[in-house]
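Following: one structure in structure tokens, then a few remarks.
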Amino acid sequence: MFQDTINKLSLDEKVQLVSGASAWRTVPIPGAGVPEMKVSDGPNGVRGDGGVAAASFPVGICMASTWNVDLVQQVGDAIADEAKSKGVQVVLGPTINIHRGPLGGRNFECYSEDPYLSGMLASAFTDGVQTAGVAACVKHYVCNDSEFERHTISVEVDERTLREIYLRPFEIAIKRSNPWTIMGAYNRVNGVYACSHDYLINQVLRSEWGYDGLVISDWYAAKETVPNALGGLDLEMPGPAIAWGDKLRAAVDNGEVPESVIDAKLERLLLCMSRTGLLDDVEVTAELALDKPDHRKLAYQSAVEGMVLCKNDGLLPLDLAAKRKIAVIGPNVEDFRIMGGGSSSLRPHYVSTPLASLASRFPDLELVTAKGCLTHKYVPEAPKHQLSPTDGSNEKGLHYQFFSGGLDGTFDSERVVSRGTVMLQGLNESKRDSLIATGFFNAEETGEHTFGIFAAGRSRILIDDQVIVDNWTDIELGDAFFGQATTEKQATLHMEAGRSYPIRIEYDADIESTFKAMRFGILGPDQEQGMSRALEIAKDADAVILLVGTNDDWETEGNDREALSLPGEQDALIEQIVAQNPNTVVVNNSGSPVAMPWLERVPAMIQTWFAGQEFGNALTDLITGAANPSGKL
């Protein structure tokens, strides 16, 4: 179909096209009329390049709990709108790996432990995206069901189990909806890398199922030049290439890979471009923040239908209009999560918070709050308002200077950043590899403050020009940042309320690392004295809404959870709050199953999952009965 175009290409150009250009783009060959193709992470929204806000829909497990294929298809259609607003031709979703075990770090992103449900929802999502002219990328093919040693682990599986559990959702999606792309996984299956798996790609996927679409590697999953090429992979991502590029050209030259194999890959790449309209002279525009009212309604409906009422002994719905005082307690009151960590994270247009939603719906209701306990795995990022680039400034954040070639290298750029997590080189997009952040930390409480820092490379924190946390000279590898970060180093420092302390953060990346990022945190002293304030306000309230759960420290791409139990002292908090006030509804804000040893003793419990930008509004309506709970586990 595209032979004329392929005939215009030199062998070098052919290899470039299948090797990837950068984090999210393929190589353009203007002389042959081949444009660049842009892809983006997109199971629950389309991030684009990350600088522009996007709609945040519920994560996969929440969408699956709706059991509503029509709704999932509508979300797919909205995702296509979002993709077009970001100039994206391929949405990297849906994620349909099986919940093989409850501790999988990425379970929140996947639909279900049930292959039929997963396949039917993947088909619906694909139809929604592709009817609008954007390619879906069903992932990750196949058996990519845990994060433990994800780049090397071999899943040993017999044929029947492989067919009936792991391949089944992909088979359903492909035969019903023909997704235009599919993503090869990191792991091995029975000893062979998924991206080099002749049996799974060439024989099952292409010959048996008749798949004609493009097979893209997961990011850095292409590890073998010749086996990848002969095993069925079509496109190595991201670029610049590691397994292919010059190595693939050499393999063709020495006869290990026939040029006809490369041509077949180009046919499938060009077919994908054609299906998305990319070959029709598409004008590339700047990314847009497309905050559409219809998308807001869809995000709300999905959140409402996905949340699950797990127990109700008659406490719900709460008639809040008749209440005097409600205690809203728990670590997830403020530190709630609407999405998990890793590839599916994005910058939402807005976030409906539980407290703001309750206050707006019931302005006469007194709301009192307390955390009750802490649940962080790493020292939490400092509150934005406590950081300023200059002393006394109203601007939030620190002043960052970025360099290439180390801290003594070439100055790259500078800006004020309010977050404690900074991605320097998100997957080879630039040459930046180090930074210095300066400014002031404005202490609000007197007492011991905890500082923590970790990075893919060397890092340290200085206060008043004195090194407080040294993660520079003696570092150990940890599991954050996809297993490329150091373990977190921590230290404490006594600070006085009302004083501004000069702070300096230094970070120097490992130039060999494929990921360059740093995170620091600052935690003030516990003014609530543990659970004391929480128990005190619970006793005096008409009812308690107790928000517990996890966060993206615990549920994230890159590592599995260590245990089923809720992190921190949340189990004890639940037991004691319910004993203090029996009118307590427990709201669990996790993206995966958790142990619930207290379930028999609580009168009501709602599982929210990570429910997207309409989290607060959906939760308020379920608690008060304005919406009827219909989610299924």
Side-chain angles (χ1 to χ4, degrees), residues 2 5-40 89-90 92 137 140 151-152 181-186 192-198 201-202 214-273 278 404 425-433 482 484 509-516:
F2 302 101
T5 300
I6 294 172
N7 289 340
K8 297 176 184 176
L9 299 168
S10 67
L11 179 55
D12 280 337
E13 289 173 331
K14 291 178 181 181
V15 169
Q16 288 175 33
L17 277 172
V18 299
S19 297
S22 60
W24 312 114
R25 292 165 174 84
T26 62
V27 174
I29 309 290
V34 182
E36 73 173 18
M37 184 172 73
K38 183 177 178 182
V39 307
S40 177
Q89 288 79 46
V90 181
L92 302 178
C137 184
H140 310 86
H151 283 272
T152 56
T181 70
I182 191 169
M183 184 182 290
Y186 288 119
V192 180
Y193 278 112
C195 287
S196 299
H197 217 296
D198 174 76
I201 300 176
N202 290 330
L214 185 74
V215 178
I216 304 173
S217 76
D218 202 345
W219 271 227
Y220 301 109
K223 298 178 174 68
E224 307 173 299
T225 303
V226 175
N228 283 161
L230 299 180
L233 183 67
D234 292 322
L235 175 63
E236 177 188 358
M237 289 297 287
I242 295 175
W244 284 358
D246 292 341
K247 294 178 183 177
L248 182 57
R249 168 62 200 256
V252 176
D253 286 342
N254 64 29
E256 292 179 280
V257 177
E259 187 171 351
S260 60
V261 170
I262 309 299
D263 289 350
K265 299 179 191 305
L266 293 172
E267 281 277 355
R268 292 185 284 267
L269 175 62
L270 292 168
L271 177 60
C272 180
M273 291 181 175
L278 190 56
S404 59
Q425 186 181 341
L427 302 169
N428 297 334
E429 284 288 300
S430 77
K431 299 298 183 182
R432 295 178 299 177
D433 57 22
F482 310 103
Q484 298 188 46
D510 177 358
I511 60 172
E512 298 299 323
S513 173
T514 56
F515 199 81
K516 295 175 172 59

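Just so you know, these numbers come straight off a predicted model, no measurement behind them.
Here the straight-line distance linking atom CE of M183 with atom SG of C137 works out to 4.5 Å at 0.5 Å rounding.
Using a cut-off of 4.0 Å between Lys/Arg side-chain N and Asp/Glu carboxylate O, D234 and R268 are scored as salt-bridged. Ion pairing of E259 with K14 is present here, as a side-chain N (NZ or NE/NH1/NH2) and a carboxylate O approach within less than 4.0 Å.
T225 places a side-chain N or O within 3.5 Å of a backbone atom of A243 that can act as its donor or acceptor partner. Judged by distance alone, the side chain of K247 and the main-chain N or O of V226 form no donor-acceptor pair under 3.5 Å. No donor-acceptor pair under 3.5 Å is formed between the side chain of W24 and the backbone N or O of M37.
For the pairing with L17, the side chain to side chain contact (heavy atoms under 4.5 Å, CB included) check across D12, V34, L270 returns one residue only, V34.
Residues L214 and L235 are in side-chain contact: their nearest non-hydrogen atoms beyond the backbone lie under 4.5 Å apart. Under the 4.5 Å side-chain criterion, counting only non-hydrogen atoms from C-beta, I182 is not in contact with I201. Two residues are said to be in side-chain contact when any heavy atoms from C-beta on lie closer than 4.5 Å; D253 and L11 meet this criterion. Counting only heavy atoms from C-beta outward, the side chains of Y186 and S217 never approach each other to under 4.5 Å.
Legend: residues meeting side-chain contact (heavy atoms from CB on, under 4.5 Å) with V27, ordered by chain and number and at least two apart, are Q16, A21, I29. Qualifying side chain to side chain donor-acceptor pair (under 3.5 Å) partners for Q484, counting only residues two or more places apart in sequence or in other chains: S513, T514.
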Legend entry - Pair V90-L92, side-chain contact (heavy atoms from CB on, under 4.5 Å): steps then yes or no: CA-CA 6 Å; V90 181; L92 302 178; 4.1 Å; yes
Inset, instruction - Could you walk me through whether L266 and F2 pass side-chain contact (heavy atoms from CB on, under 4.5 Å), step by step? - result: CA-CA 8 Å; L266 293 172; F2 302 101; over 6 Å; no
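Side-chain contact of S196 with E224: a donor-acceptor pair under 3.5 Å is present, judged by distance alone.
The 12-atom threshold is not exceeded at CG of D246, counting heavy atoms of other residues, nucleotides or ligands nearer than 6.0 Å.
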